[in-house]
Amino acid sequence: MEKTYSVYAFDFDGTLTTKDTFFAFLGYSVGYAKLVCCLILLLPSILLMFLHKITVQEAKENLFARCFRGMPAEEFDRECRDFAAQNGKLLRRDGIDFIKSVCQEHRVLIVSASIRNYVSEFLKDCNVEVEATVPEVDASGRMSGKFLGANCKGEEKVRRIKKHFPDRQEYKLIVFGDSSGDRRMFDFADETHWKPFRKRG
């Protein structure tokens with residue numbers, strides 16, 4: 001069956017950025033001294049994660065809650081905007097230029113385990129859709145410290161693609177990634193690009 005359109009799906013951290021942005025964001029927002037203290041306090045949780053007693057999502061939520069639980073959502077969004085505005089150097093320019101070259105004619109989806117609030121800010125000048133980790137806001141308008149839905153990696157990335165584009169036979173899927181968390185997305189694709197955009201930042 002002939003494909004009627006193309007979907008370009010990109011991982012974010014490492015693929016479109018030069019390093020992990022989750023820890024960079026935490027350090028920027030709460031300060032690296034507090035981040036180190038939080039990590040020390042969470043060493044039991046981290047150990048349980050490595051022993052597979054708790055999930056990566058649970059460990060990640062524990063750290064996120066230590067840093068942001070109780071913060072007004074408006075303040076958190078402002079932190080995300082400021083982080084993206086002041087850290088454009090984290091982006092791989094070849095990747096962003098490529099997205100801008102294809103997004104006029106094709107559908108582009110970012111599929112990331114990072115926080116959607118700042119991922120969207122980094123890519124606000126690109127015509128893309130974003131599927132990423134969504135922090136929960138409680139009834140009082142403050143960050144609960146939890147995430148809505150599953151951590152967006154592995155099989156969850158495939159599920160997010162299907163959510164946006166359910167008619168798989170209708171489109172050609174071109175995937176860009178750089179880690180084991182992207183391999184299920186690669187298995188689902190028609191065309192894959194492993195660790196692209198590495199020639200320059």
Side-chain angles (χ1 to χ4, degrees), residues 10-91 109-124 128-160 163 177-182 184-185:
F10 295 83
D11 168 59
F12 187 68
D13 282 357
T15 301
L16 296 176
T17 71
T18 56
K19 66 178 184 179
D20 180 273
T21 57
F22 180 68
F23 283 97
F25 171 66
L26 297 184
Y28 170 86
S29 184
V30 305
Y32 283 97
K34 180 177 178 179
L35 176 58
V36 170
C37 289
C38 289
L39 288 170
I40 292 172
L41 290 170
L42 289 170
L43 281 175
S45 177
I46 294 170
L47 178 60
L48 287 173
M49 179 189 71
F50 282 112
L51 292 173
H52 304 290
K53 300 296 185 182
I54 66 172
T55 66
V56 172
Q57 175 158 344
E58 288 172 317
K60 187 175 177 180
E61 283 182 328
N62 288 341
L63 177 57
F64 186 82
R66 283 272 181 182
C67 294
F68 298 111
R69 184 166 49 206
M71 177 183 283
E74 295 86 351
E75 181 180 345
F76 180 78
D77 286 338
R78 183 169 62 250
E79 291 288 336
C80 290
R81 289 194 298 270
D82 291 347
F83 173 65
Q86 296 181 35
N87 288 276
K89 63 185 178 183
L90 293 176
L91 296 173
L109 179 66
I110 308 301
V111 195
S112 173
S114 286
I115 305 299
R116 187 178 70 179
N117 308 56
Y118 68 71
V119 173
S120 296
E121 286 294 324
F122 272 114
L123 298 167
K124 66 181 181 180
V128 302
E129 299 168 74
V130 176
E131 276 291 340
T133 297
V134 180
E136 181 184 69
V137 178
D138 65 23
S140 69
R142 295 178 179 273
M143 309 307 294
S144 73
K146 298 291 186 180
F147 299 141
L148 295 174
N151 194 36
C152 190
K153 65 182 297 183
E155 188 64 36
E156 181 64 14
K157 289 197 172 191
V158 174
R159 193 191 73 78
R160 301 288 185 98
K163 184 179 83 171
D178 79 315
S179 73
S180 59
D182 301 319
R184 284 294 297 113
M185 190 167 60

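- Considering Lys146, Glu136, Met143 in turn, Met143 is the only one that fulfils the side-chain contact (heavy atoms from CB on, under 4.5 Å) rule with Phe64.
- Proximity of a side-chain donor or acceptor of Asp182 to a complementary backbone N or O of Ser179 within less than 3.5 Å is detected.
- Counting heavy atoms from C-beta outward, Phe68 and Ser29 have side chains that approach closer than 4.5 Å.
- Taking 4.0 Å as the cut-off between side-chain N and carboxylate O, Arg160 and Glu156 count as a salt-bridged pair.
- The ring-ring contact (aromatic ring centres under 6.0 Å, His included) check on Phe122 picks up Phe12, Phe83, with sequence neighbours excluded.
- The number of heavy-atom neighbours closer than 6.0 Å to NZ of Lys53, taken from other residues, nucleotides and ligands shown, is 12 or below.
- Between Cys38 and Leu63, the closest side-chain pair of non-hydrogen atoms falls below 4.5 Å.
- Between Leu39 and Phe23, some side-chain heavy-atom pair lies under the 4.5 Å cut-off.
- Atom CZ of Arg184 has more than 12 neighbouring heavy atoms from other residues, nucleotides or ligands inside a 6.0 Å radius.
- Legend: residues meeting side chain to side chain contact (heavy atoms under 4.5 Å, CB included) with Arg142, ordered by chain and number and at least two apart, are Pro72, Asp138, Ser140.
- Lys60 places a side-chain N or O within 3.5 Å of a backbone atom of Ala113 that can act as its donor or acceptor partner.
- Ion pairing between Glu121 and Arg81 fails under the 4.0 Å rule for side-chain N and carboxylate O.
- Partner Ser114 forms a side chain to side chain donor-acceptor pair (under 3.5 Å) with one of Asp13, Thr133, Thr17, Asp20 and no other, that one being Asp13.
- Formation of a donor-acceptor pair under 3.5 Å by the Glu58 side chain with backbone atoms of Met49 is not found in this model.
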